[in-house]
There are 2 protein chains.
Amino acid sequence: MGYQLELRHFYYFLAVAEELHFRKAAERLCISQPGLSRQIKQMEDILDVKLFIRDKRKVSLTAAGTYLKKEVDYIFNHLDFTLKQTKLVQTGSLGEVRIGFLGSAMQSVLPDLLVKANGQLPKIQFSLKELANTAQVEALEKDQLDLGFVRLSRVPQNLQLKAVFTDTFSLVLPKGHFLNKTNFTGIDQVSTEHFILFSSDYSSLYYDKIMSICEDKGFTPVVTHKSVHAHTIFKLVESGLGVAIIPTSLQKGFKMGVKFLEIPNIPQRAVLYALWKKDNRNPALQPILNFL
Amino acid sequence: MGYQLELRHFYYFLAVAEELHFRKAAERLCISQPGLSRQIKQMEDILDVKLFIRDKRKVSLTAAGTYLKKEVDYIFNHLDFTLKQTKLVQTGSLGEVRIGFLGSAMQSVLPDLLVKANGQLPKIQFSLKELANTAQVEALEKDQLDLGFVRLSRVPQNLQLKAVFTDTFSLVLPKGHFLNKTNFTGIDQVSTEHFILFSSDYSSLYYDKIMSICEDKGFTPVVTHKSVHAHTIFKLVESGLGVAIIPTSLQKGFKMGVKFLEIPNIPQRAVLYALWKKDNRNPALQPILNFL
DNA sequence: CTAGTTGATAACCCATAGGCATTATATATT
DNA sequence: AATATATAATGCCTATGGGTTATCAACTAG
């Protein structure tokens with residue numbers, strides 16, 4: 001009785017919540033299973049809340065435990081970041097902004113931002129990580145990221161979207177393809193070709209847009225390959241395995257045996273959005289957002 | 001060495017940061033001053049950051065300490081809030097209930113429930129999904145739903161049924177049909193008409209009930225169309241393609257070229273049931289069930 | 001110079017986190 | 001039905017380290 005919750009309890013709780021197995025969690029924590037069991041029990045006693053259901057042969061989280069895990073995840077990430085920042089404040093190099101991005105943001109938006117920020121706010125450092133849309137959303141909610149660059153139209157309530165770059169779409173063809181700038185009139189001219197697209201789990205919004213471009217012209221594309229990297233897609237096109245549709249700006253920086261034809265007269269646009277948590281606590285984020 | 005930061009360190013840190021006085025802070029914490037001094041020193045060693053300036057006769061925060069205090073204040077408030085919420089989740093006064101329903105439940109039962117629940121349990125959120133009977137049963141068993149609204153008489157053992165709304169049946173006729181409130185005596189008057197019904201795979205119980213209504217009156221209806229949406233059925237009736245039998249309350253909310261005549265002197269009733277898993281683990285479900 | 005602050009240091013004490021051995025219970029196997 | 005194997009919980013013990021008191025060192029005020 002009269003015990004106090006300590007960080008230890010939360011570390012242990014997270015380990016068990018992730019492993020859903022006391023012995024494995026204990027191994028990961030480098031302590032014995034009985035010790036772990038006892039600490040978790042103590043935690044439940046202090047909180048007066050059942051966190052785990054030890055049922056039959058498996059352990060699972062209660063609703064309360066599920067809720068707590070999500071919050072503790074966030075709190076720990078925020079705490080880690082805070083402690084790192086505290087040290088930076090001491091050394092005077094205050095300010096780190098953790099940025100996640102889709103590869104396509106590296107074409108222009110992100111480099112522009114970094115150059116501008118470096119010029120005017122030299123004390124703010126950046127850590128960059130290439131991540132898929134969904135991974136960025138999760139990382140933002142857990143406070144593992146401060147800012148994301150995504151292609152999504154709908155995000156959770158507590159996140160804020162802002163369009164930062166609107167792009168047209170271009171058709172990617174092998175060098176020797178009969179279509180060129182003068183005789184290319186519309187996407188329906190390649191309706192019988194095989195298509196190579198970005199994976200829908202990498203960016204479902206992008207995937208749907210491509211499909212709608214084709215459907216507006218009255219055909220459903222035959223998709224033979226999917227990839228997450230522009231380079232791979234270009235390589236596949238170059239090899240004659242099909243054609244692709246990509247945001248126009250993606251062609252920058254690639255020298256390959258393919259040609260790009262901007263698709264005329266379509267309403268679809270590839271929109272890149274900046275994304276951040278509305279109540280983000282990082283003071284370095286605001287000045288960065290002002291550049292967008 | 002090799003120590004770990006614990007919540008205690010942060011509690012102590014906050015006390016000193018507020019009092020700016022070790023003895024007073026120690027008093028407030030009900031520990032001795034030397035103990036406090038040692039814990040703060042340990043904290044600074046672990047973080048490798050100087051948090052306080054002990055200068056001459058007064059204590060003050062370093063820049064790093066000031067930053068840390070602000071963040072730890074926030075983190076502790078958030079943690080307190082989280083722990084309180086966790087307890088609420090356990091008691092079921094906070095949480096999410098996932099509800100599946102037949103379109104016809106939206107006429108009165110479900111809106112009533114939601115209004116009542118929102119009034120008395122504003123912290124419980126709902127996610128709603130329109131699903132057929134069988135889909136709801138499957139979703140309930142998979143724990144993708146907490147509560148369903150179905151028209152079924154028999155369900156698997158581990159599910160619980162409860163009647164929540166009993167309705168009479170009405171005949172749906174085109175506006176110009178010769179039958180009306182005064183000359184309508186029984187369903188046998190339309191025994192030769194074509195019938196439009198809900199699909200039996202959408203609700204087999206409903207389908208069987210309709211058939212039994214007719215069979216009780218000595219005829220088997222000629223079913224020419226089936227649909228899953230009330231709106232579609234009304235449209236088909238309006239177009240003169242047949243007549244329909246529906247639960248009386250379904251007419252609410254539709255303005256169409258059809259008329260409704262309640263069928264007198266029949267024992268059949270359209271019963272809407274609430275359905276849930278007996279050993280559902282969601283604590284938010286119980287208080288909702290109490291409203292039924 | 002003395003009295004009265006302040007926080008830091010030293011040496012001891014004991015509460016308790018964690019280890020080991022074991023039990024209790026459920027599932028899988030024979 | 002009996003046995004084997006897996007799980008988490010329980011009981012007892014040890015030793016780490018947080019908290020104690022006593023003291024020191026440094027500063028200020030009178």
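Below, read A as the first sequence line, B as the second, and so on, with proteins coming before strands; counting in each chain starts at 1. What you see below is based on every heavy atom in this structure, not just the backbone, and it leaves out hydrogens, waters and symmetry mates.
Under a 3.5 Å cut-off, the side chain of A:Asn158 and the backbone N or O of A:Lys277 do not form any donor-acceptor pair.
Once rounded to the nearest 0.5 Å, the distance linking NZ of A:Lys116 with CG of A:Asn290 reads 10.5 Å.
A:Gln39 has its CD atom 16 Å from the P atom of D:dA8, to the nearest Å. Distance NZ (B:Lys41) to P (C:dT9): 6 Å, rounded to an integer number of Å. For B:Tyr3 and C:dA17, the OH to C1' distance is 14 Å, given to the nearest whole Å. When the P atom of D:dG19 is taken as reference, atom CD1 of B:Ile40 falls 11 Å away, rounded to whole Å. Protein atom CD of A:Glu6 is 11 Å distant from nucleotide atom C1' of D:dG18, rounded to whole Å. One atom, CD of A:Glu19, and another, P of D:dA8, lie 11 Å apart when rounded to the nearest Å. What separates CD of A:Gln42 from C1' of C:dA15 is a distance of 12 Å, to the nearest Å.
Regarding contacts with the backbone of D:dA8, every side-chain N or O of A:Arg54 stays at 4.0 angstrom or more from both OP1 and OP2. B:Ser37 has a side-chain polar atom (N or O) that falls below the 4.0 Å cut-off from OP1 or OP2 of C:dA8.
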Side-chain polar contacts of residues 13-24 of chain B - donor-acceptor pairs under 3.5 angstrom, sequence neighbours left out - could you list them?
residue: B:Glu18; atom: OE1; partner: B:Arg28; partner atom: NH1; Å: 3.3
residue: B:Glu18; atom: OE1; partner: B:Arg28; partner atom: NH2; Å: 2.9
residue: B:Glu19; atom: OE2; partner: B:Arg28; partner atom: NH1; Å: 3.0
residue: B:His21; atom: ND1; partner: B:Arg23; partner atom: N; Å: 3.4
residue: B:His21; atom: ND1; partner: B:Lys24; partner atom: N; Å: 3.2

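Closest of all the heavy-atom pairs between B:Asp146 and B:Val97 is OD2-CA, 3.6 Å.
Aromatic ring orientation, A:Phe76 versus A:Tyr11: tilted (interplanar angle from 30° to 60°).
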Can you check each nucleotide of nucleotides 20-30 of chain D against protein heavy atoms at under 4.0 Å and return B for base, S for sugar-phosphate only, - for none, in 5' to 3' order?
BBB----BS--
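Here A:Tyr12 lies in heavy-atom contact (under 4.0 Å) with sugar-phosphate atoms only. Nucleic acid contact for B:Arg8: sugar-phosphate only, since backbone atoms but no base atoms lie under 4.0 Å from a heavy atom of the residue.
Salt bridge annotation for A:Lys41-A:Asp45: present, with a cationic side-chain nitrogen under 4.0 angstrom from a carboxylate oxygen.
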